[in-house]
> 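This is the structure I have questions about; it appears just below.
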Amino acid sequence: MITRFAPSPTGHLHVGGARTALFSWALARAMGGRFLVRIEDTDQARSSMEAVEGLLEDLHWLGMDWDEGPALGEVGGDPRGIGPFFQSERTDRYDTAIQQLLERDLAYPAFETPEELDALRAEAQREKRNFRYLRPDGWDRDAALERWQAGEPCVIRFRMPRSDVTVEDAILGSVPFEAEQLDDFVLRKRDGFPTYHLAVVVDDEQMGVSHVLRGQEHLNNTPKHMALQHALGYRVPVFGHLPVIQNADGSKMSKRDKDKTARAFTKEAGVDPVTLPIESDRLARWLGDKRGQLETSELDALAAALGLVLPEITVEDFRRGGYLPEVVVNFLALLGWSPGEKLEDGRDLERFDPGFLAERFSLDRVGRSNARFDRAKLLAFNQETIGAMDEDAFAARWSGWLRRYAPAAVSTELDVPLFLRATRPRSRTLADPTAPDGPGAFALSSDEGFGYDDKAVTKWLAKGDPSGFVRLAELRQTVAEIEPFSPDAIEASIASWCEAREIGMGKAAQPLRVAVTGSAASPALGDTLAILGRESVLARIDRCLGEQA
RNA sequence: GUCCCCAUCGUCUAGCGGUCUAGGACUCCGCCCUUUCAAGGCGGCAACACGGGUUCGAGUCCCGUUGGGGAUGCCA
């Protein structure tokens, strides 16, 4: 068995692609087969080398390895001599295939311009007809070949056989397609590059791919691919079409969602284009073209300029968001696959690592219905995994994330182990401890840099008899003398202070907490104060007393 | 419009004709614990889209309706 993942390098790996890759990888691993990666860069306008590198790194980060394909460290290579793995470097092979088809009159040049085709489509739509391109009956082959030979710009189309095709899908079963629905699709574009349809068929054959897993959005393409395979005398691989991953609103979760969100927001915001970080002609074109896509960097810049939060779509988005790769893999695997096993206590087995998938994955347990991507559940999985790690493992993961995404977030003076002890149980992602509104925010601002929550001040400091301010002033003295200034000693000292006055801990803890963090919620009091350090705590108490009382 | 796919709690799913008064997870809501917020423990709400068949028996099989999704590109 040979499976493959064949992304087009137009940006980071998105979650749909990640799941396709994951299932393909897991299938090969579970069946003792091979898994290869191929880069489908036939769209010259949109492909880039940075995207290739990003894609490979995303795959690697998720824990997948490939036996054949572009090299990334130890992974990849070409042991069978089936490369290159970039379609842009395989054009001779596509030309050969096209030549064969042309000679047998199974393919032919077509000279309509894109504009003419657009017009034909528009006309068909007006008349509520289905447009499909077919070679006319009285077509003059010699004349067409002559024009082609003369170098007239054209595309090469496949002569789709006028017969019904049934796709035997390993997930969906038999899927019939009527001949009337199939048209003479393009094999080679005007720019000389093959279309996806031709390239994928040629490469899968030449690379010996036996099982093709892909999203259901490709199901309609499959009869075309099968017809091509028959025409070229190729083997037909086993196809498996995976259900679509949907957004919360039920639409397909796609890379273009970022463009979609940004486009809608830009139009609505009604800002002067000159103030935006994108050249105005390009911006106008993008705004007017639903199919147009900006580069990731452009989108990020635009979002920043507009104060817009782009939807998380790519693996990199989730990595930046502080999700763990094994959790992403686990969650993605559950979107359309389940092990179908119960634990001893009657719960479903649903938490597993990539190794489990690689051992147990099978096509017969892949679902057929679309699945919505539920952030809440992903977050819950991430939190649970973070909570279950031992301290060192968590610290290592967290600092790895910090170095990559927020190297300046914490000062060198911070007691990191203590900080993490306090923030980890309150964190759902690696980004949470240092998030601006996260559980560790109080420790990351200067003594003057945070604001006081009015409600908290009123409730815990202004009210009461004696008031919180009065207690706070008394506590200041106690706090100044705690030795050592450790969580346990602080807790013990405050507790005995309360005991002596026969009052509950809350009467002391809350005024203190509000004074040093500005809010009524923070980690345990001992941890909170110890993280700040005595000096900072006293400074904040003084500030509070002076500013709020 | 046309073609294709799909249909169990709000969401992800288990269920492959009787063991289903439909199980689990997430979310949500209570209660406990508690110096706050979390975490943790316990409990609760919540689904077989509808209509016909087939069958002794249907969430499970068939057909239709409705609903959702995908495709309809010289993108992949």
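Chain letters run A, B, ... following the sequence lines, proteins first and then strands; every chain starts at 1.
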> Under 4.0 Å, heavy atom to any atom of RNA chain B: which of residues 338-351 of chain A qualify?
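Those residues whose heavy atoms fall under 4.0 Å from RNA chain B, taken from residues 338-351 of chain A in numerical order, are S338(A), K342(A), G346(A), R347(A), D348(A), E350(A).
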> Tell me, which pairs form a ring-ring contact (aromatic ring centres under 6.0 Å, His included) where one or both residues lie in residues 362-387 of chain A, sequence neighbours left out?
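Pairs touching residues 362-387 of chain A that pass the test: F318(A)-F373(A), F331(A)-F373(A).
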> Under a 3.5 Å cut-off for both contacts, is U34(B) paired Watson-Crick or G-U wobble with anything, and if yes, with which nucleotide?
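Answer to the pairing question: none, since U34(B) forms no Watson-Crick or G-U pair.
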> If the C1' atom of G59(B) is compared with that of C16(B), how far apart are they to the nearest Å?
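Taking atom C1' in both G59(B) and C16(B), they lie 11 Å apart.
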> Using the side chain to side chain donor-acceptor pair (under 3.5 Å) rule, collect all pairs that involve residues 429-442 of chain A, keeping only residues at least two apart or in two chains.
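Matches after skipping sequence neighbours: T429(A)-D432(A).
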> With sequence neighbours left out, write down each residue that passes salt bridge (Lys or Arg N to Asp or Glu O under 4.0 Å) with R347(A), or none if nothing qualifies.
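R347(A) satisfies salt bridge (Lys or Arg N to Asp or Glu O under 4.0 Å) with D345(A) only.
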> Using the test salt bridge (Lys or Arg N to Asp or Glu O under 4.0 Å), find all partners of K459(A) that sit at least two apart in sequence or belong to another chain.
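Applying salt bridge (Lys or Arg N to Asp or Glu O under 4.0 Å) to K459(A) gives none.
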> Which residues, if any, of residues 327-336 of chain A bring a heavy atom under 4.0 Å of RNA chain B?
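Output list: L334(A), L335(A), G336(A).
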> Quick one: the side chain of R372(A) and the base of U11(B), do they pair up donor-acceptor inside 3.5 Å?
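Donor-acceptor pair under 3.5 Å: no.
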> Of all residues at least two apart in sequence or in a different chain, which pass the salt bridge (Lys or Arg N to Asp or Glu O under 4.0 Å) check with E474(A)?
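Partners of E474(A) by the salt bridge (Lys or Arg N to Asp or Glu O under 4.0 Å) criterion, ordered by chain and then number, come out as R501(A).
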> Enumerate the protein-to-nucleotides 69-72 of chain B contacts in which both atoms are nitrogen or oxygen and the separation is below 3.5 Å.
| residue | atom | partner | partner atom | Å |
| --- | --- | --- | --- | --- |
| G69(B) | O2' | N370(A) | ND2 | 2.8 |
| G70(B) | OP1 | K252(A) | N | 2.9 |
| G70(B) | N2 | N220(A) | ND2 | 3.2 |
| A71(B) | OP1 | K252(A) | NZ | 3.3 |
| A71(B) | O4' | N220(A) | ND2 | 3.2 |
| A71(B) | O2' | N220(A) | ND2 | 3.4 |

> Is there side-chain contact between H225(A) and V201(A), with heavy atoms separated by less than 4.5 Å?
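SC-SC contact between H225(A) and V201(A) confirmed.
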> Distances for protein N/O vs nucleotides 46-51 of chain B N/O pairs under 3.5 angstrom?
none

> Applying ring-ring contact (aromatic ring centres under 6.0 Å, His included), which residue pairs with at least one partner in residues 111-130 of chain A are found, sequence neighbours left out?
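Sorted pair list comes back empty.
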> For D95(A), what residues pass the salt bridge (Lys or Arg N to Asp or Glu O under 4.0 Å) criterion, not counting sequence neighbours?
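Once residues adjacent in sequence are excluded, the partners of D95(A) under the salt bridge (Lys or Arg N to Asp or Glu O under 4.0 Å) criterion are R188(A).
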> NA contact type, A376(A), heavy-atom cut-off 4.0 Å: base, sugar-phosphate, or nothing?
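Sugar-phosphate contact only - A376(A) comes under 4.0 Å of backbone atoms but never of a base.
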> Among residues 419-442 of chain A, which contact RNA chain B at a heavy-atom distance under 4.0 Å?
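Within this stretch, P425(A), R426(A) sit under 4.0 Å of the strand.
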> Tell me the partner of A14(B), counting only Watson-Crick (N1-N3 plus N6-O4 or O6-N4) or G-U wobble (N1-O2 and O6-N3) with both under 3.5 Å; none if nothing fits.
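In the structure as shown, A14(B) has no Watson-Crick or wobble partner.
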> Please tell me if the side chains of S338(A) and D348(A) come closer than 4.5 Å, counting only heavy atoms from C-beta onward.
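They are not in side-chain contact.
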